[in-house]
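Presented below is the structure to which this report refers.
Chain naming here is simple, since letters A, B, ... match the order of the sequence lines and numbering starts at 1 in each. Basis for what follows: all heavy atoms, side chains included, without hydrogens, waters or symmetry-related copies.
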Protein chains: 2
Amino acid sequence: MQKEHSLSKNQKIIFDLIDKSGGPMKAYSILFNVQKKGIKAPLQVYRALDKLVEIGKIHKIESRNAFIACQNSSCQVSKATAFSICESCENVSEISNSKLSKYLSNFSDDSGMKYSKYNLEFFGLCKKCKSK
Amino acid sequence: MQKEHSLSKNQKIIFDLIDKSGGPMKAYSILFNVQKKGIKAPLQVYRALDKLVEIGKIHKIESRNAFIACQNSSCQVSKATAFSICESCENVSEISNSKLSKYLSNFSDDSGMKYSKYNLEFFGLCKKCKSK
DNA sequence: AACGTTATGTAATAATATAACATTTATAAG
DNA sequence: CTTATAAATGTTATATTATTACATAACGTT
């Protein structure tokens with residue numbers, strides 16, 4: 001069961017927009033899209049994004065400076081994320097693969113470091129783009 | 001054997017700086033440090049960085065917008081990278097773990113996508129910071 | 001030398017993100 | 001219900017990261 005974080009007004013507006021878009025969105029594109037709803041400044045967007053990332057409703061695609069709604073209903077915090085990114089059409093999808101996530105969550109090396117979080121981005125050509 | 005890309009003047013200046021620093025460096029910090037050598041504009045730095053990334057001499061730490069010299073002499077292109085990042089002191093090191101890289105290079109899911117590249121960033125507290 | 005490619009120089013600007021400060025709203029403890 | 005506290009908002013300015021556009025120079029081949 002996912003913990004309910006009742007979102008604030010701005011958080012809800014911004015989450016709904018990203019979620020409905022179905023793909024990654026950039027901060028200033030979000031800003032442009034929510035100006036009619038009264039959100040006028042970058043900081044208002046970034047604050048909502050920070051919170052949404054913190055509670056796991058969205059994830060940041062670091063290589064693209066973009067944000068995508070979490071596809072995984074069991075995901076409560078953005079602490080173990082994996083994405084596949086098409087380098088041609090820039091389609092992004094979240095990878096839910098329990099073997100992969102187990103492997104990475106349990107990964108340790110000889111550095112003596114205990115990892116509490118990871119982010120993995122795979123790149124390639126998606127089916128559509130490959131066949132072009 | 002690593003292929004020799006003879007670096008150009010700017011590429012060499014910038015690679016040497018990053019390499020000697022021993023850690024990740026940000027573009028504008030690089031710029032500041034090489035101004036005495038005649039590199040005056042951001043674009044000169046970014047162009048050299050792009051090339052160095054392309055040929056695998058450095059990697060970009062996406063979550064930090066920073067660049068680090070490749071620690072792995074066999075690394076020719078930046079197509080399979082993994083890093084450990086301390087969230088307290090921001091120390092970064094490249095992970096060379098053949099099991100991990102094999103696992104990720106061969107990873108495939110049911111999306112029909114063939115991955116040609118990946119980047120993985122692990123986060124946590126390093127030994128030093130953990131014991132504080 | 002002529003050609004194509006790679007690298008450089010320079011100015012301007014675009015895109016991404018945060019600092020600082022004031023105010024309001026939500027939550028929970030008494 | 002009221003007070004205290006934390007969380008969220010509003011607003012302006014600014015910092016940081018990265019690219020566009022255009023001109024010139026150096027390098028490697030044939």
Side-chain angles (χ1 to χ4, degrees), chain A residues 3-18 21 23-68 77-78 87 90 92 119 121, chain B residues 3-18 21 23-68 77-78 87 90 92 119 121:
Chain A
K3 181 164 178 235
E4 270 311 322
H5 284 270
S6 51
L7 302 180
S8 74
K9 178 171 142 283
N10 288 0
Q11 288 158 17
K12 187 160 177 9
I13 291 170
I14 286 172
F15 174 72
D16 286 348
L17 175 67
I18 299 173
S21 87
M25 289 193 76
K26 306 197 132 214
Y28 277 72
S29 153
I30 293 168
L31 175 58
F32 179 79
N33 277 277
V34 297
Q35 277 177 331
K36 47 184 162 272
K37 305 223 175 187
I39 296 174
K40 294 176 196 155
L43 191 46
Q44 294 176 289
V45 173
Y46 281 105
R47 283 196 286 224
L49 290 173
D50 285 352
K51 187 69 187 185
L52 291 168
V53 166
E54 186 191 321
I55 65 182
K57 301 281 288 180
I58 65 172
H59 305 299
K60 182 170 188 182
I61 311 300
E62 293 286 358
S63 66
R64 299 299 187 258
N65 298 318
F67 300 85
I68 193 168
V77 289
S78 295
E87 289 185 298
E90 293 293 328
V92 173
N119 179 55
E121 298 180 3
Chain B
K3 180 165 178 233
E4 270 309 322
H5 284 269
S6 52
L7 301 180
S8 74
K9 177 171 143 281
N10 288 0
Q11 289 159 15
K12 186 158 178 14
I13 290 170
I14 286 173
F15 174 73
D16 286 348
L17 175 67
I18 299 173
S21 87
M25 291 194 76
K26 305 195 133 214
Y28 278 72
S29 152
I30 292 168
L31 175 58
F32 179 80
N33 276 277
V34 297
Q35 277 177 333
K36 47 183 162 276
K37 304 222 174 185
I39 296 175
K40 292 175 197 157
L43 189 48
Q44 293 176 291
V45 172
Y46 281 105
R47 283 197 286 224
L49 290 174
D50 285 352
K51 187 69 187 183
L52 291 167
V53 166
E54 186 192 321
I55 64 181
K57 300 282 288 181
I58 64 172
H59 305 299
K60 182 170 188 181
I61 310 299
E62 293 287 355
S63 66
R64 299 300 187 257
N65 298 319
F67 300 85
I68 192 169
V77 288
S78 295
E87 288 184 298
E90 293 294 327
V92 173
N119 178 56
E121 297 180 4

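What you find for B/Gln35 and B/Lys40 is that their closest heavy atoms are NE2-O, 3.9 Å. What you find for B/Glu62 and A/Ser63 is that their closest heavy atoms are OE1-CA, 3.5 Å. The minimum heavy-atom distance between B/Phe15 and B/Ile58, with the atom names listed, is CD1-CG2, 3.8 Å. When all heavy atoms of B/Leu49 and B/Ile14 are compared, the pair lying nearest together is CD2-CG2, 4.0 Å. Scanning both residues, A/Ile68 and A/Val92, for their nearest heavy atoms gives CD1-O, 3.8 Å.
Across residues 60-67 of chain B, B/Lys60, B/Asn65 each have a non-hydrogen atom less than 4.0 Å from an atom of DNA chain D (numbered order).
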Subject >> Audit row: A/Asn33, A/Ser29, side-chain contact (heavy atoms from CB on, under 4.5 Å) steps and yes/no >> reply: CA-CA 6 Å; A/Asn33 277 277; A/Ser29 153; 3.8 Å; yes
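In the set C/dT10, C/dT27, C/dT8, C/dT8 carries the atom at the smallest distance from any side-chain atom of B/Asn10.
Within the model, atoms CD1 of B/Ile61 and CD of B/Glu90 stand 10.5 Å from one another, a figure rounded to the nearest 0.5 Å. For the atom pair CE of A/Met25 and CG of A/Leu31, the computed distance is 10.5 Å after rounding to the nearest 0.5 Å.
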Every protein N/O lying under 3.5 Å from an N/O of nucleotides 24-26 of chain D:
none

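Between B/Leu52 and B/Leu7, the closest side-chain pair of non-hydrogen atoms falls below 4.5 Å. Under the 4.5 Å side-chain criterion, counting only non-hydrogen atoms from C-beta, B/Asn65 is in contact with B/Lys60. A/Phe67 places none of its side-chain heavy atoms less than 4.5 Å from the side chain of A/Pro24.
In this entry the distance linking CZ of B/Phe32 with C1' of D/dT17 reads 18 Å, nearest Å. Between A/Ile30 atom CD1 and C/dT16 atom C1' there is a gap of 12 Å when expressed in whole angstrom units. Between the NZ atom of B/Lys12 and the P atom of C/dT8 there is a distance of 13 Å, given to the nearest Å. We find that NZ of B/Lys37 is positioned 14 Å from P of C/dT8, with the value rounded to whole Å.
Listed pair B/Gln11 / C/dA7 meets the phosphate criterion, a side-chain N or O lying under 4.0 Å from OP1 or OP2. Listed pair A/Gln44 / D/dT9 fails the phosphate criterion, with no side-chain N or O lying under 4.0 Å from OP1 or OP2. Contact between the side-chain N/O atoms of A/Lys51 and the OP1/OP2 oxygens of D/dA7 is not found at any separation under 4.0 Å.
Judged by closest nucleotide on DNA chain C, B/Lys40 is the one of A/Lys26 and B/Lys40 placed further toward the 5' end.
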Original post:
When every nucleotide of nucleotides 18-25 of chain C is labelled 5' to 3' by its protein contacts under 4.0 Å (heavy atoms), B for base, S for sugar-phosphate only, - for none, what sequence of letters results?
Top reply: BBB-----
